[in-house]
Amino acid sequence: MSSFDEMDAFEGASLSARAMGARPTPYLDDLNPAQRDAVELLDGPVLMLAGAGTGKTKALTTRIVHLLNTGAARPNEILAVTFTNKAAREMKQRVGRMLGQPAEGMPWLGTFHAICVKLLRRHGELVNLKSNFTILDTDDQLRLLKQLVRAANIDDKRWPARMLAGIIDDWKNRALTPDKVPAADAGAYNHKGVELYAQYQTRLRELNAVDFGDLLLHMVTIFQTHEDVLQQYQRWFRYILVDEYQDTNVAQYMWLRLLAGAHKNICCVGDDDQSIYGWRGAEVGNILRFEKDFPGAHVVRLEQNYRSTPHILAAASNVIRGNQGRLGKELWTEAAEGEKLRLIGHWDGEEEARWIGEEIDAMQGGTRGVRPMNLDEMAILVRASHQMRAFEDRFLTIGLPYRVIGGPRFYERMEIRDAMAYFRLVVSPEDDLAFERIVNTPKRGLGDKAQQTIQMTARANGVSLVEGARLAVEQGAIKGKGGGALRELVEGLARWGRMAGDKDLTHMELAEIVLDESGYTAHWQNEKTPEAPGRLENLKELIKALEGFENLQGFLEHVSLIMDNEQNDGGAKVSIMTLHAAKGLEFPAVFLPGWEDGLFPSQRSMDESGIKGLEEERRLAYVGITRAEEVCTISFAANRRVFGQWQNSMPSRFIDELPEDHVEVLTPPGLYGGSGGGFSAQGIETRAAEANVYNSPGWKRLQARQGQYGMAQPKESRNTVIDMDAVASFTLGERVFHQKFGYGAVIGIEGDKVEVEFEKAGLKKVVARFLNASDDVPF
DNA sequence: GTGGAGTATCTTTTT
DNA sequence: GATACTCCAC
């Protein structure tokens, strides 16, 4: 690894590169005047206010190319920060394409986190970290916090560790080390928050580990306390570029200000109207006060939109107008008028999914809209991930190919994390958290008691858990079957560790040996659950993913930072994702379902953050609408299942903010004998009433008439589970149904418990509430 | 020590 | 409706 001094040595070379003088700049001809400004104003602070679809990435990448081309900086003197790995990847590709060569030479183009890891590997010792520190994910973090909470004798029912994790995260986002937490926050987590935060940081240091927030926080601390280090990097990074500046939190902001403090060659790109990460500590204020922070800053506005039709832009503008304190932009386009936005209401969530499925089919077949569309030109953007389920269910039944973006991630799956814990232990045996995860996975007969013995032995001797386990076995502190299994595990770990140094063995082979010899593979082979084969499949995939890396360590590093899994499995598919995940993307056709008050805008957001929360929700609506290029379809449902309970709601207040002239209101389906059989007569009537309302010109007054459809009756009462009072009347011999055990006969009643002889599951004692009379079975 | 049944909580959004 | 957690019976 090259040391920092070696890096400095390049500086001389860069001067000669600059001396080479300007080269032709054909790429500038591709830009509109505003974009050109944004590219050519190289020195001094620049704020690029780039509305949705205004060619922001183009301007940013061209700026990098221009910096290189004019000799202002060498590739490794440019610090370019993004928020997502995807954005970093894309930028690298585009720069490479423009330069006509792979942009391998841009080591400082990456996410905040990836760049901080690089820096921290070099300078970690300044905050008492060894350079091979591990990065904890949220799971490890939570387990660690739980231990601390329990040790502090706090009732983790009333004060969940999750909550503490959130509070600590928040402090870290605000660049607050435990000693800097303001007095106003002293009451946090039952007045124990600050103390536990300090303990947590101590524990992390003992484990030679950091969490995500630490990556930024430690670097800020180092820059603040080591002037020499800061100055070196201020010299080194001649030009700084920041993407999605509106999403920076305080720690990131301080980090940037420190680095840009000397030369102030910083170009921040953002859109205050697309700030949607306030809940994660992002401060819109950062972008709003850029000109104050950097006096004399050039502000460039990109307002010509190359993405959407005028109808779509008009709708988006009208919605976002409701927010206060914006920097203000007016998007315009030369695009043809196109279709109006479409708005439709449905009876319930399932019907919404059904309708959208049919619509997608029709659009694909060319029977709807001005041109046939490919499946990958369409996307469904939801507010909360639980909304995805209805679409997945529906699309599975009609065989419509879809892809969920940002769903449960590969590296978060249980089996993958288990396997990775084994790998972590092979690479670094002192990784106590990894050891705790796998001591008893697969089952080795090592329960709480044995694990406590290991912990105590380790602590008494001041060694890692693995070493503690070895000692405990040696001293015979753990007897019987567990002891033998533990000895085997400890010896295995030592053996695999030695094998890691073996040149004749690839790390893929090693990984396979580890999983086989530890019994982990067998554990899933013996498991009879329906998921087991899939999990084995995932493990195989994990081994395959190792191929791209030098060794296990390199792989683990990669995974801790890049938790996304791009599945580019072939074939056109409809995309389903959250609005947050959709930022930066665009699709010819966009569906925005679930526009109901409470769901969107989210009740929780409004409860917790009031007006600020509502405004962030509104920005989310803005982001959603502006993803659409040609067609945007907004929908809402009167009824939806929440927590398995039916709930009804009113259309979103944002629907009122859509400009009437740019919206076409569609008649709900079902009235023409289309879909949705099986409703009661009452349901049809209600739906007919809805149709009239929708068709009326004054549809905006819908809200005033919410009583008519907002408070619609639940579908059918016979679908509800039998209630407790009714259950009391079970009689001996009665035929009953249980969700899990199936059919059976009542053979005894004791209070609220009923003894049932099930046909398949045999004799069980169950609580009456979970039983239905068999002719009353829900279906 | 394990596994099953019963109970509580959950749903925003993620590097 | 699903999962994580707790409690109780083997």
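First the proteins, then the strands, lettered A, B, ... as listed; each starts at 1.
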Chemist: Figure out the CZ/P separation between A/Arg640 and C/dG1, and round it to whole Å.
Modeler: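 After rounding, the gap between these two atoms is 17 Å.
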Chemist: How many whole angstroms separate atom CZ of A/Phe112 from atom C1' of B/dT15?
Modeler: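 Interatomic distance, CZ of A/Phe112 to C1' of B/dT15: 11 Å.
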Chemist: Name all residues meeting the ring pair (Phe, Tyr, Trp, His ring centres under 6.0 Å) criterion together with A/Phe587; count only those two or more places apart in sequence or in a different chain, and write none if there are none.
Modeler: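 If we apply the ring pair (Phe, Tyr, Trp, His ring centres under 6.0 Å) test to A/Phe587, skipping adjacent residues, there are no hits.
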Chemist: What's the closest nucleotide to the A/Arg641 side chain, out of C/dG1, B/dT13, B/dT15?
Modeler: C/dG1
Chemist: Surrounding CZ of A/Arg143 (heavy atoms of other residues, nucleotides or ligands, distance under 6.0 Å), is the total greater than 12?
Modeler: yes
Chemist: List in chain and number order the residues that pass ring pair (Phe, Tyr, Trp, His ring centres under 6.0 Å) with A/Phe83, two or more places apart in sequence or in another chain; answer none if no residue qualifies.
Modeler: A/Phe112
Chemist: So which protein N/O to nucleotides 3-5 of chain C N/O distances come out below 3.5 Å?
Modeler:
{"residue": "C/dC5", "atom": "OP1", "partner": "A/Lys146", "partner atom": "NZ", "Å": "2.8"}

Chemist: Mapping A/Thr111 and A/Arg444 onto DNA chain B by nearest heavy atom, which one lands closer to the 5' end?
Modeler: A/Arg444
Chemist: Can you check the distance between C/dA4 and B/dT13, where both ends of the measurement are the P atom (answer in whole Å)?
Modeler: 16 Å
Chemist: Under the ring pair (Phe, Tyr, Trp, His ring centres under 6.0 Å) definition, can you give me all pairs with a residue in residues 145-166 of chain A, not counting sequence neighbours?
Modeler: A/Trp159-A/Tyr189
Chemist: Between the protein and nucleotides 8-10 of chain C, list every N/O to N/O distance that falls short of 3.5 Å.
Modeler:
none

Chemist: Could you tell me which residues satisfy ring pair (Phe, Tyr, Trp, His ring centres under 6.0 Å) with A/His580, sequence neighbours excluded, listed by chain and number?
Modeler: A/Tyr277, A/Trp279
Chemist: Residues in side-chain contact (heavy atoms from CB on, under 4.5 Å) with A/Gln451, at least two apart?
Modeler: A/Val439, A/Asn440
Chemist: What is the distance from CG of A/Asp214 to P of B/dT15, rounded to the nearest Å?
Modeler: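 To the nearest whole Å, that distance equals 18 Å.
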Chemist: Whole angstroms only, please: what is the NZ-P distance between A/Lys583 and B/dT15?
Modeler: 11 Å
Chemist: Determine: side-chain N/O of A/Thr578 to OP1/OP2 of B/dT14, distance under 4.0 Å, yes or no.
Modeler: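 For B/dT14, OP1 or OP2 has a side-chain N or O of A/Thr578 closer than 4.0 Å.
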Chemist: Need to verify one output field. Residue with the more 5' nearest nucleotide on DNA chain B, A/Lys443 or A/Phe83?
Modeler: A/Lys443
Chemist: When the ring planes of A/Phe223 and A/Trp255 are compared, do they come out parallel, tilted or perpendicular, using 30° and 60° as the limits?
Modeler: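 Taking A/Trp255 first and then A/Phe223, their aromatic rings sit tilted (interplane angle of 30° to 60°).
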Chemist: Calculate the interatomic distance between A/Arg162 atom CZ and B/dT13 atom P; express it in whole Å.
Modeler: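 So the two atoms are 11 Å apart, to the nearest Å.
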Chemist: Can you find a side chain N or O atom of A/Ser385 that sits less than 4.0 Å from OP1 or OP2 on B/dT13?
Modeler: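 So the side-chain polar atoms of A/Ser385 do come within 4.0 Å of the phosphate oxygens OP1 or OP2 of B/dT13, strictly under.
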Chemist: Which is true for A/Ser605 with a 4.0 Å heavy-atom rule: it touches a base, it touches only sugar-phosphate, or it touches nothing?
Modeler: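 Base: the residue A/Ser605, judged by heavy atoms under 4.0 Å, touches a nucleobase.
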Chemist: Send over the distance from A/Lys172 NZ to B/dT14 C1', rounded to a whole Å.
Modeler: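 Roughly 16 Å, once rounded to whole Å.
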Chemist: What is the distance, rounded to the nearest whole Å, between atom CD of A/Gln645 and atom C1' of C/dA2?
Modeler: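 Answer to the nearest Å: 14 Å.
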Chemist: Kindly write out the residues that satisfy side chain to side chain donor-acceptor pair (under 3.5 Å) with A/Ser275, not counting sequence neighbours, or none if the list is empty.
Modeler: none
Chemist: When you measure from the side chain of A/Glu352 to the backbone of A/Gly594, do you find a donor-acceptor pair of N or O atoms at a distance under 3.5 Å?
Modeler: yes
Chemist: For a quick test of reading the model: is some side-chain N or O of A/Asn249 closer than 4.0 Å to OP1 or OP2 of B/dT15?
Modeler: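 No.
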Chemist: Measure the distance between the ring centre of A/Phe643 and the centre of the six-membered base ring of B/dC10, then answer whether it is under 5.5 Å with planes under 30°.
Modeler: yes
Chemist: With sequence neighbours excluded, tell me which residues meet side-chain contact (heavy atoms from CB on, under 4.5 Å) with A/Ala251.
Modeler: A/Ala175, A/Leu216, A/Asn249
Chemist: To the side chain of A/Thr84, which of B/dT2, B/dT15, B/dG1 is closest?
Modeler: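 The closest nucleotide is B/dT15.
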Chemist: Name all residues meeting the salt bridge (Lys or Arg N to Asp or Glu O under 4.0 Å) criterion together with A/Arg619; count only those two or more places apart in sequence or in a different chain, and write none if there are none.
Modeler: A/Glu616
Chemist: Considering only heavy atoms, which members of residues 273-284 of chain A lie under 4.0 Å from some atom of DNA chain B?
Modeler: A/Tyr277, A/Trp279, A/Arg280
Chemist: Students often get this wrong, so: under 4.0 angstrom with heavy atoms, is A/Ala450 touching a base, only sugar-phosphate, or nothing?
Modeler: sugar-phosphate
Chemist: Mind checking what makes salt bridge (Lys or Arg N to Asp or Glu O under 4.0 Å) contact with A/Asp273, not counting sequence neighbours?
Modeler: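 Once residues adjacent in sequence are excluded, the partners of A/Asp273 under the salt bridge (Lys or Arg N to Asp or Glu O under 4.0 Å) criterion are A/Arg326, A/Lys329.
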Chemist: Does the side chain of A/Thr111 reach to within under 4.5 Å of the side chain of A/Thr82, using non-hydrogen atoms?
Modeler: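 Of all side-chain heavy-atom pairs linking A/Thr82 with A/Thr111, at least one is under 4.5 Å.
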Chemist: If you only use heavy atoms from C-beta on, which nucleotide in B/dT11, B/dT15, B/dT13 is closest to the side chain of A/His580?
Modeler: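 Out of B/dT11, B/dT15, B/dT13, the nucleotide with an atom closest to A/His580's side chain is B/dT13.
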Chemist: Let me know the distance between CG of A/Asn173 and C1' of B/dT14, rounded to the nearest Å.
Modeler: 11 Å
Chemist: What nucleic acid atoms does A/Asn440 come within less than 4.0 Å of, heavy atoms only: base, sugar-phosphate, or nothing?
Modeler: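 The answer is sugar-phosphate, as A/Asn440 gets under 4.0 Å only of primed atoms, P, OP1 or OP2.
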